[in-house]
Participant: 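Right, I'll just put the structure down here and ask away after.
Note that the coordinates shown come from a computational prediction; the quantities given were computed from them, not determined experimentally. Sequence lines set the chain letters: A, B, ... in the order given, protein chains first and strands last, and positions in each chain run from 1.
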Amino acid sequence: MKLARLSLTDFRSYAHVELALDSGVSVLVGPNGQGKTNLVEAIWYVATLSSHRVATEAPLIRTGASRAVVRTVVDREGRDMLVELELVPGGSNRARVNRAPLPRPREVLGLLRTVLFAPEDIALVKGDPAERRRFLDELLVARAPRLAGVRSDYDRVLRQRSALLRSAGSLARGARGGQRGRTSGGAERGELPTLDVWDAHLARAGAELLAARLELVEALRPLVAKAYDAVSAGAGDARLDYRSSAAAAAQPLPGDRAGLTQLLLNAMEAARPAELERGVSLVGPHRDELVLSLGTLPARGYASHGEAWSFALALRLAAYDLLSADDSTSAAGTPVLLLDDVFAELDTGRRERLATLVAPAEQVLVTAAVAADVPEQLRGARYAVAAGSVRRTG
Amino acid sequence: MYEGVVQDLIDELGRLPGVGPKGAQRIAFYLLAADPTDVRRLADVLVLVKDKVRFCATCGNVAEEEHCRICRDPRRDPAVLCVVEEPKDVVAIERTREYRGRYHVLGGAISPIDGIGPDDLRVRELMTRLADGAVRELILATDPNLEGEATATYLARLVKPMGLRVTRLASGLPVGGDLEYADEVTLGRAFEGRRLLDA
């Protein structure tokens, strides 16, 4: 897969920019604040319909403009595909493929596949569990766009259930305060049967998401170990483990959806008093953790800065390997690699080894503030980015 | 901003569902230019609808008398009861001319985010209607979205001890459509709900 053209209108700092790209390595060089990451962000947006930097779309539109347009030509096995996205803040976004409008912009997912390395990746290792869950879920959706629907269903059930827990919890506390020892308050009679219903829906949607994540972690495990070995030059043993909030740490998880549904239901039953007390959902994929460890120690907290970077790179490289190896029906070639300003964060050894690992990819886009940060192995087309314009220099 | 009453009209219209500020402005200026008798008629109907229309004491559908047309109709099968969220769902099902039973309008769906629980819906009335045992089949026709499904599950569990036949409307492919245009969720549901073909 290759990104042949990128054209932006009123996106971030760009009034208008056109960029033609070749296979192999392209290096975008320019001082900070000139718009290198904005280009990467636009490409990432076409692949995922989200930004890797902000949660809302408003910042993606150039100040003063009413809408932004991202237009890309994706070359899939020699066939050009024109993907156009129109971002309308506060309105509905529109998507067109080869000039034909899509009924739902979500159908764009999967047309362009990318793997992005960014300075923020260090948070995959050192940050909150939410960062690692997001890593898993983004990869899930890249592999099977259908799971974007599963994910949003789960989020909706979760919001409804948490709203119910908040109101039921406060009612139950009120009833206990009012009539000591009696548990026949309105919360018990009116709210708990509906809580059972939301439990059932949460367990079903949660089991589907959980099953997909477990399968993904299994597939990633050997790839991460291999990539860590390569990046760190054999300096350690990197492991991935999925810890479910519904099971004790050492308890093996069931292999099928029915078993996972039951596991979630049982865990919710056990957690119910605490959930009512606190008014939050304490069990489910939204509370799970992807545990990263080096040897026997958890990476979060124990890993040095360099080790943490190696681990973050290993996760991204494993994602790249996994997407490249996926079935041929949905994918057309390997994903496009985006390396946004990562070399500045790495020491010389890691730089060289990462460059050697990514150099053979079909297409690699690298951004750097200083050309000298980019290792020798990544020679290719050069572009200068300055003040909202991009110019090819070599 | 317009002067006085024109702006008031735009504000009031803008509060209606499905009407944005631009649409409200357009309707307001249409009304200003329209024939006074037409506008008077609209105003009369608006007042009348609040005065005259009430909700059927049995099923909760809109009615002009104590009971709605469907509940008064003796030809309707009292053994089958179809539960829907809104009166407009009754109209939609009536258009099929397939269903000869009666209805029960809940007035919404369970949605804790909006603070709507079973007590805010006409669930107690439903249980009262089912108590005499005349109804033998309960068709749950709430919307096929998260809140509708949750409401259906809740009702199914609630009436389970009564031992009546509880059914849920099927989800699946639209008639006359193409398989390739169906989204994954709908197609997945259609697979789940596939049935044996008698040949």
Participant: With a strict 4.5 Å heavy-atom criterion, list every residue of residues 126-148 of chain B that contacts chain A, or say none.
Facilitator: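 Residues of residues 126-148 of chain B touching chain A at under 4.5 Å: Leu146(B), Glu147(B).
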Participant: Quick one: are Pro112(B) and Arg161(A) in side-chain contact, heavy atoms under 4.5 Å?
Facilitator: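 No, their side chains stay 4.5 Å or more apart.
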Participant: Of all of Thr153(B), Leu158(B), Ile113(B), which one pairs up most often with chain A through heavy atoms under 4.5 Å apart?
Facilitator: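 Sorted descending by pairs with chain A, the first entry is Ile113(B).
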Participant: Other residues, nucleotides and ligands only: do more than 12 of their heavy atoms fall within 6.0 Å of CZ on Arg69(B)?
Facilitator: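 At most 12 heavy atoms, drawn from other residues, nucleotides or ligands, come within 6.0 Å of this atom.
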Participant: Is the closest side-chain heavy-atom distance between Trp198(A) and Ile110(B) below 4.5 Å?
Facilitator: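 Contact flag for Trp198(A)/Ile110(B) side chains = yes.
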Participant: Are there more than 12 heavy atoms of other residues, nucleotides or ligands under 6.0 Å from atom CD of Glu269(A)?
Facilitator: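 Count not over threshold, so no.
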Participant: Is atom OH of Tyr181(B) surrounded by more than 12 heavy atoms (other residues, nucleotides or ligands) closer than 6.0 Å?
Facilitator: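 No, because the 6.0 Å sphere around OH of Tyr181(B) holds 12 heavy atoms or fewer from other groups.
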Participant: For residues Ala150(B) and His201(A), report the shortest heavy-atom separation together with the two atoms involved.
Facilitator: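 Minimum heavy-atom contact is CA-NE2, 3.6 Å.
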